[in-house]
There are 2 protein chains.
Amino acid sequence: MQPAPPGNRAEVRTKGRTISRQVLADHVYEELLASLMDGRLEPGAVVSIDGTARELDVSPTPVREALARLEHTGMVRRVALKGYRVAPVFTREDFAELMEARLAIEPVNARLACARVTSEHLAELDRAVADLKTAPRGPSFAEYRDYLEADERFHRLIAEQTGNQFMVAAYAALGGQVQRFRLFGGVGITDAEYAIAEHQSVLDAFATGDPEMAAAAMADHVKKVRGRAIADAPAG
Amino acid sequence: MQPAPPGNRAEVRTKGRTISRQVLADHVYEELLASLMDGRLEPGAVVSIDGTARELDVSPTPVREALARLEHTGMVRRVALKGYRVAPVFTREDFAELMEARLAIEPVNARLACARVTSEHLAELDRAVADLKTAPRGPSFAEYRDYLEADERFHRLIAEQTGNQFMVAAYAALGGQVQRFRLFGGVGITDAEYAIAEHQSVLDAFATGDPEMAAAAMADHVKKVRGRAIADAPAG
DNA sequence: CATGATCAAATCCTATAGGACCGGCCAAAG
DNA sequence: CTTTGGCCGGTCCTATAGGATTTGATCATG
């Protein structure tokens, strides 16, 4: 996984071999992110700095740094002198807004990416769709985690294949993977068959190399996701 | 100013009066942001944690927290165990990518905002355009700072008036105000007359209440900004 | 019963100290 | 003269300590 590049490892070159080191704050960041995504930290819950430090057996300093980074992703909110809390649950309005934003960004990404697609890109997209098809879709978190990961990976690959750092940033600002987990956590996947077919359509459009067709397929997919999820949204 | 909501103040309610408090990390954040925008910190320069702490007469802890937040904005980059550096200068390709992204997002913002515009919104936009017209445009930083601030405020207002938190986040991910400063720092404003007229056109479209016209005016503006800036771009 | 004061524990926030690592400088050896 | 090795200052990173603040409970009072 690797949702939002949390930190950066230091490539230490020593005696020809290069080892990769990582500071504690990065580890704390990843730990907190995992807790947020698999539901161990529920929306609205307080995330105590000292408590997290004790739990992870580190000092509060790296925890502060990790939380400061997390805040900018929207996963946690901070109030000065009061601490951090997990962001509240998604409402139906939040979901509608997210889809509106995705509809503005993702078809553009598809058009740009398709215009400069390579066989390597196609192979990566194909792998994501294949993973989508083979991933289990049971009710427990562990069972749909891989599905959501493949779903997000497909869309993120397209954003990255635009070669435009700002389109990647804009896509990442929508929360990418994380929002998926928060939306569907506890509900499970109900529309996998449809979603897989739509992803396949996008992939087919990429294979033809027609940017407009790719954009149309992506727009179609996002609209249908919106329609299905509003029909049986978890939160009103 | 208030570019990217850095931290959050604690609203302390005491005896009917509510005072707003703020922790040191927020102050450091704002101080660093100001240094970045007015050129005191040049692209590529190292931002030492301990050094900044001494300079601002605080301990390194709040500086670490402020820098962790700044990193997520793309203004500074971090390498584990080596510290922070100001992000490198904008190349012509970077600028083209930024405009491509703005072209994908800002016309949509204009359409959404126009569809639900109020007289208060119009007044705010009108004030931004008025400030744009009256702001000095001399060669030194202090003289075009207000101009850039009004420019960015105009666009940010439209993003906020969409009422869509994710469109705001996507717009903010593009760097908003900050990129303007980094692009034009040291160059000055050369296209103010044209830009002001284009902003006025967008405002006029908002006044008519036609979302499609607003989107078209905004798209026209962004395209023309791209054209002019590529013609006399500071960095090749 | 409702309301406000008081106090203790938890928590946030900041400063300080020290370990680990890097880079420059200089002296000594080859 | 070149190179090697050690020293030293700077920096990052983490832990710890203590002050400031919030929170929640307990208790007194109208």
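Heavy-atom basis, side chains included; hydrogens, waters and symmetry copies ignored. None of the values given here were measured: they were computed from a predicted structure.
Rounded to 10°, the helix from C:dC1-D:dG30 to C:dG30-D:dC1 has 10° between the axis fitted to its first five pairs and the one fitted to its last five.
The stretch residues 41-60 of chain B participates, sequence neighbours left out, in no salt bridge (charged side-chain N to carboxylate O under 4.0 Å, His left out) pair at all.
B:R156 contributes atom CZ, which lies 10.0 Å from atom CD of B:E124 (distance to the nearest 0.5 angstrom).
If you measure from atom CD of B:E65 to atom P of C:dA15, you get 12 Å, rounded to the nearest angstrom. Between the P atom of C:dC22 and the CZ atom of B:R85 lies a distance of 16 Å, rounded to the nearest Å. Protein atom CG of A:L67 is 14 Å distant from nucleotide atom P of C:dT11, rounded to whole Å. Distance CD1 (B:I49) to P (D:dT11): 11 Å, rounded to an integer number of Å. Between B:L24 atom CG and D:dG19 atom C1' there is a gap of 13 Å when expressed in whole angstrom units. One atom, CG of B:L81, and another, C1' of D:dT11, lie 11 Å apart when rounded to the nearest Å. Here the P atom of nucleotide C:dG18 and the CG atom of B:D50 are 15 Å apart, to the nearest Å.
No side-chain heavy atom of A:V23 sits under 4.5 Å from any side-chain heavy atom of A:E65. Between B:E71 and B:Y84 there is a side-chain heavy-atom pair separated by less than 4.5 Å.
Contact annotation: B:K82 does not reach the phosphate of D:dC13 (side-chain N/O to OP1 or OP2, under 4.0 Å). For the OP1/OP2 pair of D:dC12 and a distance below 4.0 Å, the side-chain nitrogens and oxygens of B:S48 include at least one atom meeting the criterion.
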| task | Please step through salt bridge (charged side-chain N to carboxylate O under 4.0 Å, His left out) for the pair B:R153 and B:D146, ending with a clear verdict. | result | CA-CA 10 Å; B:R153 175 153 44 93; B:D146 290 343; over 6 Å; no

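For the residue pair B:H199 / B:D151, a side-chain donor-acceptor distance below 3.5 Å is found, with atom types taken as modelled.
A side-chain donor-acceptor contact under 3.5 Å links A:R116 to the backbone of A:Q161. Side-chain atoms of B:E97 do not come within 3.5 Å of backbone N or O of A:F166 as any donor-acceptor pair.
Residues of residues 54-64 of chain A having a heavy atom closer than 4.0 Å to DNA chain D, listed by number: A:V58, A:S59, A:P60, A:T61, A:P62.
Taking the charged nitrogens against the carboxylate oxygens, B:R69 and B:D26 do have a contact shorter than 4.0 Å, which makes a salt bridge.
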